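Encoded as structure tokens, the structure appears first; notes follow it.
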Amino acid sequence: MAEQTLANHSDRLNAINIYPVADADTGTNLYLTVRAASQAVAEAEPADVGATLAIAGRAAMEQARGNSGTLLAVSLAAMAEPLLGAQRLSGPLLAAALHRAQLRAWSALSEPMPGTILSVLEAAARGAISSESALNGDESNQALAEAVDGAVCAARDAVVLTESQLDPLTRAGVVDAGGVGLLLILDCLRAVILGEVLQEDLMEGLSGYKVQDPNIALSMPEQEGVEVMCTISLTPLAAAGLRLELDGMGDSVIMSAVTEEPDAMGAYPWRLHVHVPSAAVALEAIHAVGDPNNVSISALTASVSEDLHDVL
């Protein structure tokens with residue numbers, strides 16, 4: 001359901017995508033990331049809730065696109081951890097999973113900012129925890145319904161707040177695209193749990209989200225630079241060193257372990273995302289510490305003249 005919903009909303013999400021850069025691709029990135037997760041689950045053997053979500057999270061991490069897609073993938077992988085071995089989802093488990101997701105997502109980004117998908121994820125976790133706590137650990141279906149409703153309601157309020165939390169959004173008069181995308185995904189979860197349809201009025205009143213609203217992203221000043229993403233196997237110490245180096249040369253640095261299982265050398269596979277002026281400089285730093293795979297490089301704007309194929 002989330003895959004189809006994001007496909008339906010991708011154009012509007014792209015139109016309000018102006019932070020951290022106005023590259024008009026948040027909707028597309030979230031859709032492609034969720035599609036990778038969905039396909040992996042469809043091809044997997046039946047498993048418990050946590051194992052299934054772990055499969056989805058790993059696939060999403062390996063194929064994540066953009067800031068929002070990467071943070072969503074990190075969140076999915078993190079949510080799987082409290083759910084391992086569970087045969088069914090409950091209110092307490094949902095609250096624990098969302099809490100783990102928001103902690104992992106905030107820590108994955110070198111410079112986390114309020115007013116983004118991170119704020120919406122944090123609010124969703126608080127909403128689920130508050131609703132679940134009021135029911136004193138009740139594991140009934142009714143308690144699960146209360147928890148997911150609490151998460152969606154809190155996430156919706158947080159999306160509205162994003163417009164006032166980040167100056168670029170305030171000036172443009174729009175809410176955060178990544179936050180809206182996460183809200184849609186959470187409402188898909190609510191619909192599946194409750195056996196209902198998506199809430200038609202969920203998007204009403206969100207600044208910049210009417211179909212007739214202009215494509216704000218296309219009117220924003222262009223920004224030079226590229227987005228570099230890859231997967232690389234590193235020890236935690238080496239990963240910390242690489243993060244520090246990338247922080248010095250670019251921004252929007254996201255690094256998170258794809259799995260919690262190290263290899264024989266104590267290294268973990270890490271998914272890496274960074275915005276840099278030059279892909280060549282970033283790749284040089286990456287190659288200096290390991291051999292990356294699943295490398296992707298995308299121009300932040302069409303004005304970038306660097307030959308991306310050459311640097312690959």
Side-chain angles (χ1 to χ4, degrees), residues 1-6 8-9 12-13 16 26-27 30 34 49 53 68 71-72 74-76 78-79 82-83 88-106 112-166 169-170 174-210:
M1 179 182 285
E3 180 182 351
Q4 185 58 56
T5 298
L6 289 171
N8 294 341
H9 284 259
R12 195 68 242 155
L13 291 171
I16 62 171
T26 287
L30 285 172
V34 168
V49 177
L53 195 54
S68 295
L71 291 171
L72 174 63
V74 170
S75 301
L76 289 175
M79 287 180 71
L83 303 180
R88 58 179 289 274
L89 189 61
S90 66
L93 284 175
L94 176 62
L98 287 171
H99 179 64
R100 183 74 60 88
Q102 64 105 357
L103 291 177
R104 185 70 60 78
W106 276 92
M113 293 290 292
T116 63
I117 189 173
L118 295 176
S119 295
V120 179
L121 179 58
E122 184 176 49
R126 287 200 310 267
I129 290 169
S130 177
S131 298
E132 187 274 323
S133 295
L135 296 168
N136 297 315
D138 186 350
E139 297 187 353
S140 68
N141 289 337
Q142 179 59 37
L144 175 59
E146 294 282 348
V148 74
D149 265 335
V152 173
C153 289
R156 209 278 182 181
D157 290 343
V159 167
V160 173
L161 285 176
T162 60
E163 183 181 358
S164 63
Q165 290 176 302
L166 285 170
L169 302 182
T170 304
V174 297
V175 291
D176 180 67
V180 177
L182 178 60
L183 175 61
L184 287 166
I185 293 168
L186 290 170
D187 197 44
C188 288
L189 177 62
R190 184 204 64 84
V192 170
I193 288 174
L194 300 183
E196 298 179 357
V197 297
L198 297 176
Q199 300 177 83
E200 293 184 1
D201 60 348
L202 196 63
M203 302 291 111
E204 289 183 6
L206 298 183
S207 297
Y209 210 75
K210 296 187 182 70

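All values reported here derive from a predicted model rather than from experimental measurement.
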Answer yes or no: is there a donor N or O on one side and an acceptor on the other, between the side chain of [X] and the main chain of [Y], under 3.5 Å?
X: Thr26; Y: Ala177; value: no
X: Asp187; Y: Gln199; value: yes
X: Thr5; Y: Met1; value: yes

Does the pair Val159 and Asp176 meet the rule for a side chain to side chain contact (heavy atoms under 4.5 Å, CB included), with working shown? CA-CA 7 Å; Val159 167; Asp176 180 67; over 6 Å; no

How far does [atom1] of [X] sit from [atom2] of [Y], to the nearest 0.5 angstrom?
X: Arg190; Y: Ile185; atom1: CZ; atom2: CD1; result: 15.0 Å
X: Leu169; Y: Thr162; atom1: CG; atom2: OG1; result: 5.5 Å
X: Glu146; Y: Asn141; atom1: CD; atom2: CG; result: 12.0 Å
X: Leu182; Y: Leu71; atom1: CG; atom2: CG; result: 10.0 Å
X: Ile16; Y: Leu206; atom1: CD1; atom2: CG; result: 7.5 Å
X: Leu30; Y: Glu3; atom1: CG; atom2: CD; result: 12.5 Å

Would you mind reporting whether [Y] and [X] have side-chain heavy atoms less than 4.5 Å apart?
X: Ile193; Y: Leu144; result: yes
X: Met113; Y: Leu118; result: no
X: Val174; Y: Tyr209; result: no
X: Arg88; Y: Leu93; result: no
X: Leu183; Y: Val152; result: yes
X: Val160; Y: Val175; result: no
X: Ser119; Y: Leu161; result: no
X: Leu94; Y: Leu189; result: yes

Begin from the C-alpha positions of Met203 and Arg12 and carry the test side chain to side chain contact (heavy atoms under 4.5 Å, CB included) through to its verdict. CA-CA 11 Å; Met203 302 291 111; Arg12 195 68 242 155; over 6 Å; no

Minimal non-hydrogen separation, [X] against [Y], with atom names:
X: Ile117; Y: Ser68; answer: CD1-O, 4.1 Å
X: Ala151; Y: Leu98; answer: CB-CD1, 4.0 Å
X: Gln165; Y: Pro114; answer: NE2-CB, 4.2 Å
X: Leu194; Y: Ala145; answer: CD2-CB, 3.2 Å
X: Ala147; Y: Gly91; answer: CB-CA, 3.9 Å
X: Cys188; Y: Ala2; answer: SG-CA, 3.6 Å

Could you note down all residue pairs passing side-chain hydrogen bond (donor to acceptor under 3.5 Å, both in side chains) where residues 95-104 supplies at least one of them, sequence neighbours left out? Glu81-Arg100, Glu81-Arg104, His99-Gln102

If the condition is side chain to side chain contact (heavy atoms under 4.5 Å, CB included), which residues does Ala154 pass it with, not counting sequence neighbours? Ala123

